[in-house]
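Encoded as structure tokens, the structure appears first; notes follow it.
The model shown is predicted, which means the values in this text are computed figures rather than measured ones. In what follows, every heavy atom counts, from backbone to side chain, and hydrogens, waters and symmetry copies are set aside.
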Amino acid sequence: MVALTANHAMPRRALLAIGLVLLGTLVAVAAVRLSGTNITVPDAAAVAMRELRFEDRPDGSVVVIDANSKSVIHTMTGENGFFRGALRGLARERRRSGLGSEQPFQLIGRADGRMTLVDPATGQRIDLESFGPTNAAVFARFMTDSPTTP
């Protein structure tokens with residue numbers, strides 16, 4: 001084991017500079033939080049909305065159902081980590097609130113190209129663009145998919 005000696009110590013000025021930067025950052029964050037300034041970007045107008053239900057199948061797949069027509073529009077098979085993770089989080093909130101899966105989710109397309117998955121039952125929402133274009137595209141296809149034939 002090597003003991004720190006005076007030769008291995010960090011320069012006092014460097015430590016002071018790091019401390020001042022951290023303190024300044026904390027003060028700036030606190031000032032914004034305490035000022036009540038809204039730092040979120042307001043949602044753009046909704047240009048499209050589709051109500052969807054998601055059902056697990058015994059084979060491990062998840063079917064995406066148009067809630068209005070009751071028709072299957074897509075079947076998700078395989079891993080689909082982001083898709084399953086997003087739904088798992090929303091389903092957990094429903095269970096916590098004592099709600100079932102009857103009420104559909106809303107997939108909302110916005111004028112600025114962003115998409116939002118909303119659970120009207122719990123008020124939870126996922127701004128899909130926050131997870132990158134590839135993950136948002138997983139849900140974007142549900143806006144245009146037509147019903148599949150069995």
Heavy-atom donor-acceptor pair, Thr122 side chain to Gln124 backbone, under 3.5 Å: yes
Exercise: identify the closest heavy-atom pair between Glu51 and Gln106: OE2-NE2, 3.6 Å
Ser61 meets the side chain to side chain contact (heavy atoms under 4.5 Å, CB included) criterion, sequence neighbours left out, with Arg57, Asp59, Thr75, Thr77
For Ala46, check side chain to side chain contact (heavy atoms under 4.5 Å, CB included) against everything at least two apart and list the hits. Ile108, Arg110
Could you pull out all donor-acceptor pairs under 3.5 Å where a side-chain atom in residues 15-24 meets a protein atom, sequence neighbours excluded?
none

Asp66: which residues meet the side chain to side chain contact (heavy atoms under 4.5 Å, CB included) condition with it, sequence neighbours left out? Arg50, Asn68, Ser69, Ser71, Ile73
Any chance you could measure Leu117, atom CG, to Leu128, atom CG, to the nearest 0.5 Å? 5.5 Å
4.5 Å side-chain heavy-atom contact, Phe131 and Ile126: yes
Are Leu52 and Met49 connected in a single hydrophobic cluster, I mean Ile/Leu/Val/Met/Phe/Trp/Tyr linked by side-chain heavy atoms less than 4.5 Å apart? no
Under the salt bridge (charged side-chain N to carboxylate O under 4.0 Å, His left out) rule, collect the residues that match up with Asp56, sequence neighbours excluded. none
Of all residues at least two apart in sequence or in a different chain, which pass the salt bridge (charged side-chain N to carboxylate O under 4.0 Å, His left out) check with Arg96? Glu93
Salt bridge (charged side-chain N to carboxylate O under 4.0 Å, His left out) partners of Arg125, counting only residues at least two apart: Asp43, Asp127
State, yes or no, whether a side-chain contact exists between Met143 and Met115 at a heavy-atom distance under 4.5 Å. yes
Quick one: closest heavy-atom pair of Arg114 and Pro42, and the distance? NH2-O, 3.5 Å
For Gln103, all residues meeting side chain to side chain contact (heavy atoms under 4.5 Å, CB included), sequence neighbours excluded: Arg94, Pro120, Ala121
Going by ring-ring contact (aromatic ring centres under 6.0 Å, His included), name the pairs with one or both residues in residues 15-72, residues two or more places apart or in two chains. Phe54-Phe83, Phe54-Phe105
Could you name each residue pair satisfying side-chain hydrogen bond (donor to acceptor under 3.5 Å, both in side chains) that touches residues 13-36, not counting sequence neighbours? Ser35-Thr37
Are Val138 and Val62 joined in one hydrophobic group, where the rule is that I, L, V, M, F, W and Y side chains link up if heavy atoms are under 4.5 Å apart? yes
Running the 4.5 Å side-chain criterion over Ile, Leu, Val, Met, Phe, Trp and Tyr, what cluster does Leu26 land in, apart from itself? none
Output all residues satisfying salt bridge (charged side-chain N to carboxylate O under 4.0 Å, His left out) with Arg141, sequence neighbours left out; order by chain, then residue number. none
